[in-house]
Amino acid sequence: MIQTDKLWNEIVHYYIDKKGYSKEDANSIAQRIITREVNRKICQNASCNHLVDQHIDKKEHCLVSYCTCKEFLTNRK
């Protein structure tokens, strides 16, 4: 599970301290990064939307018994 608060702080401080961005810009960048990472961990199959941890690796079958997901789909942007 992603610790979003800790990751958010690390990203914001990196862009403020190392890159010289404003606090607002750093927060905007952190929001985009966190959103992208969370979406990568959720199956984008409309009938599923479970976490990657709930799918069998390499078989791409959902472990949730009532789910009909047969393929883990990622958000490819």
For a quick test of reading the model, state the closest non-hydrogen atom pair linking Ala30 to Val12 and the distance between them.
CB-CG2, 3.8 Å

Could you grab the distance from atom CG of Leu73 to atom CG of Asn49, nearest 0.5 Å is fine?
10.0 Å

Are Ile42 and Val64 linked, directly or through other ILVMFWY residues, by side chains that come within less than 4.5 angstrom of each other?
no

For the residue pair Ile16 and Ser22, what are the closest heavy atoms and their distance?
CG1-O, 4.2 Å

Phe72 versus Asn45: any side-chain heavy-atom pair under 4.5 Å?
no

Any side-chain heavy-atom pair of His50 and Cys69 under 4.5 Å
no

Where Ser47 and Thr68 come nearest, the two heavy atoms and their spacing
OG-OG1, 3.8 Å

Point-to-point distance, once rounded to the nearest 0.5 Å, from CD of Glu37 to CZ of Arg32:
13.5 Å

I'd like to know whether Lys70 forms a side-chain contact (heavy atoms from CB on, under 4.5 Å) with Cys62, so could you lay out the CA-CA distance, the side-chain angles of the two residues, the decisive distance to 0.1 Å, and finally the verdict.
CA-CA 7 Å; Lys70 299 297 180 218; Cys62 190; over 6 Å; no

Evaluate the side-chain proximity of Tyr15 to Asn27: yes if any heavy-atom separation is below 4.5 Å, no if none is.
no

Which pair of heavy atoms, one from Asp53 and one from Leu63, lies closest together, and at what distance?
O-CD1, 4.1 Å

Tell me, do His55 and Cys48 make a side-chain contact under 4.5 Å, heavy atoms counted?
yes

Under a 3.5 Å distance rule, please check whether Gln54 uses its side chain to pair with a backbone N or O of Leu51 as donor and acceptor.
yes

So how far is it from Lys19 NZ to Ile29 CD1, rounded to the nearest 0.5 Å?
9.5 Å

Using atom types as modelled and distance alone, determine if a side-chain donor or acceptor of Gln44 lies under 3.5 Å from a backbone N or O of Asn39.
yes

Looking only at side chains, do Ser28 and Asp25 share a donor and an acceptor under 3.5 Å apart?
no

